[in-house]
There are 2 protein chains.
Amino acid sequence: MTDRPGLSKGEMEVARVLWSLGSASVRQVHEAFPPDREIDFATVQTYLRRLETKGYVTGEIQGRTRVYTPCVQPQSVIRESIHDFVDRLFGGETLPLVRQLIEEGDVSTDELAELRRLITRLEKQRKPEVQ
Amino acid sequence: MTDRPGLSKGEMEVARVLWSLGSASVRQVHEAFPPDREIDFATVQTYLRRLETKGYVTGEIQGRTRVYTPCVQPQSVIRESIHDFVDRLFGGETLPLVRQLIEEGDVSTDELAELRRLITRLEKQRKPEVQ
DNA sequence: CTTGACCAAGTACAACTGTACGTGTAAAGT
DNA sequence: ACTTTACACGTACAGTTGTACTTGGTCAAG
């Protein structure tokens with residue numbers, strides 16, 4: 001597969017911010033952090049540098065500042081992380097995780113309904129003769 | 001909360017095996033590893049020692065071997081890990097993860113049905129006036 | 001008794017992580 | 001021109017993690 005080294009906690013945090021911004025300078029990323037998350041400018045800078053080394057973002061000097069742009073889809077990174085996580089905690093089985101997630105009360109009633117719809121849709125999709 | 005240091009990947013791997021065994025010596029844990037997972041006896045030993053230091057297991061000499069026993073419920077550790085994971089990857093939102101999990105095709109049709117039942121049960125539970 | 005198997009416990013060590021400081025340089029304010 | 005501001009880039013450094021070797025002791029087989 002894509003043979004990028006995995007992302008650490010902190011790198012993931014920064015990557016998420018950058019994904020949400022699309023493309024940004026260190027300062028912009030730093031400022032986009034939630035206010036309660038105290039983190040030094042230089043720390044963000046280091047993370048972005050490491051993300052570049054690991055091949056997740058590209059940085060380009062524009063004027064006098066360096067602008068970073070993600071070069072991997074969040075989707076794929078997230079998918080890989082999930083896979084890894086499920087492997088590690090549930091030996092690769094998805095269902096126990098899903099069960100835990102929705103049983104644990106972290107899912108609102110509205111969301112439950114939405115999930116039900118999603119399941120219905122998937123079931124139809126898989127049984128095409130129901131036309 | 002429980003102020004134990006979190007578990008690393010490898011530690012989690014070993015902890016899971018120990019949970020499944022209930023209580024075991026280093027060798028038993030080592031042998032319980034899936035055959036394709038090559039890992040040194042001494043490495044397992046180190047992990048168990050670290051798990052003990054971190055307060056997740058207790059070790060007791062029985063005869064000439066040390067027998068380790070988990071002293072935290074897998075449930076709570078897993079719950080914490082999930083929480084952490086959801087925070088890091090989805091900013092604390094559970095639903096996107098669930099969606100991803102079941103959309104990604106990792107859930108069989110049978111499991112989908114089971115999920116539906118689970119959802120139904122939860123919905124009833126939350127709406128107790130339904131007799 | 002001697003040798004080999006087996007194990008506990010200590011030690012090792014490079015890579016990775018979280019966090020940040022320091023230096024130099026260039027733009028912007030005075 | 002001088003000073004402050006802002007940033008790039010290199011460097012640092014302790015803690016964690018993955019992985020394992022080493023030393024020294026005990027039990028069992030020869």
Side-chain angles (χ1 to χ4, degrees), chain A residues 3-18 21 23-34 36-69 77 81 84-85 87-89, chain B residues 3-18 23-34 36-69 77 80-81 84-85 87-89:
Chain A
D3 202 14
R4 272 177 294 274
L7 293 186
S8 75
K9 265 168 106 94
E11 287 161 352
M12 184 66 79
E13 220 185 340
V14 171
R16 274 179 31 92
V17 173
L18 189 60
L21 295 177
S23 203
S25 67
V26 181
R27 182 143 307 273
Q28 290 171 320
V29 172
H30 183 233
E31 278 167 0
F33 262 75
D36 54 319
R37 171 59 166 108
E38 265 186 54
I39 188 172
D40 194 280
F41 176 88
T43 304
V44 175
Q45 199 175 31
T46 300
Y47 279 134
L48 285 168
R49 220 178 308 131
R50 287 180 185 168
L51 283 172
E52 185 169 19
T53 311
K54 289 194 178 181
Y56 285 88
V57 312
T58 54
E60 183 200 10
I61 286 280
Q62 274 178 23
R64 77 207 129 83
T65 67
R66 176 170 292 270
V67 171
Y68 289 95
T69 309
V77 177
S81 299
D84 186 59
F85 185 75
D87 265 9
R88 288 209 334 273
L89 257 82
Chain B
D3 202 13
R4 273 177 293 275
L7 293 186
S8 75
K9 266 167 104 94
E11 286 160 352
M12 183 67 77
E13 220 184 339
V14 171
R16 274 180 30 93
V17 174
L18 188 61
S23 203
S25 68
V26 181
R27 180 144 309 272
Q28 288 171 320
V29 172
H30 183 231
E31 278 168 1
F33 262 75
D36 54 319
R37 170 61 166 107
E38 266 186 53
I39 187 170
D40 195 278
F41 175 88
T43 304
V44 174
Q45 197 177 29
T46 300
Y47 278 134
L48 285 168
R49 222 178 307 129
R50 287 182 186 166
L51 283 172
E52 184 168 21
T53 311
K54 290 194 177 180
Y56 284 87
V57 312
T58 54
E60 183 200 9
I61 287 281
Q62 272 178 24
R64 76 203 134 85
T65 66
R66 176 169 290 271
V67 171
Y68 289 95
T69 309
V77 177
E80 282 162 32
S81 298
D84 186 59
F85 184 74
D87 265 9
R88 287 207 338 271
L89 257 82

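Excluded from the calculations below are hydrogen atoms, water molecules and symmetry mates; all remaining heavy atoms, backbone and side chain alike, are included. In what follows, every chain begins at residue 1, and chains take the letters A, B, ... in the order their sequences are listed.
At whole-Å resolution of the value, CZ in B:Arg27 and P in D:dC27 are 17 Å apart. Atom pair B:Ile39:CD1 and D:dT17:C1' shows a separation of 12 Å (rounding to whole Å applied). Going from atom NE2 of B:His30 over to atom P of C:dC7 covers 11 Å, rounded to whole Å. One can place OH of A:Tyr47 at 5 Å from P of C:dT19, the figure rounded to the nearest angstrom. Straight-line distance from the CZ atom of A:Phe33 to the P atom of C:dG18: 11 Å, rounded to whole Å. Rounded to whole Å, atom C1' of D:dT16 lies 14 Å from atom OH of B:Tyr56. When the C1' atom of C:dA26 is taken as reference, atom CD1 of A:Ile61 falls 12 Å away, rounded to whole Å. Rounded to a whole Å, the CZ atom of B:Arg64 is 9 Å from the C1' atom of C:dA5.
Looking only at side-chain heavy atoms (C-beta outward), A:Tyr68 and A:Val29 stay at 4.5 Å or farther from each other. You'll find the side chain of B:Val44 reaches within 4.5 Å of the side chain of B:Ile39, heavy atoms only. Side-chain contact between B:Glu11 and B:Leu51: present, with at least one pair of heavy atoms (C-beta onward) separated by less than 4.5 Å. By the 4.5 Å heavy-atom criterion applied to side chains, B:Arg88 and A:Glu13 are not counted as neighbours.
In this structure, A:Ser25 reaches neither bases nor backbone, as no heavy-atom distance under 4.0 Å exists between it and the strands shown. Contact annotation for B:Thr65: backbone-only contact, meaning every heavy-atom pair under 4.0 Å involves sugar-phosphate atoms and none involves a base. Residue A:Ser8 is in sugar-phosphate contact alone, with no base atom involved, counting any heavy-atom pair closer than 4.0 Å across all strands shown.
Nearest nucleotide to the side chain of A:Glu11, out of D:dT19, C:dT17, D:dC21: C:dT17. Closest to the side chain of A:Val26, from the set D:dT17, D:dA8, C:dT17, is D:dA8. Here the nucleotide nearest the side chain of B:Arg49, chosen from C:dA9, C:dC21, C:dT17, is C:dA9.
Distances shorter than 4.0 Å separate some side-chain N or O of B:Thr43 from OP1 or OP2 on D:dA20. Residue A:Lys9 has no polar side-chain atom (N or O) positioned under 4.0 Å from OP1 or OP2 of D:dT16.
Ring geometry for B:Phe85 versus A:Phe85: interplanar angle under 30°, hence parallel rather than tilted (30 to 60°).
Place A:Arg66 and B:Arg37 on DNA chain D by their nearest nucleotides, and A:Arg66 ends up nearer the 5' end. Residue B:Phe41 is the one, among B:Arg50 and B:Phe41, whose nearest nucleotide of DNA chain C lies closer to the 5' end (criterion: closest heavy atom).
For a distance-only test at 3.5 Å, the side chain of A:Gln45 qualifies as a donor-acceptor partner of the base of D:dC9.
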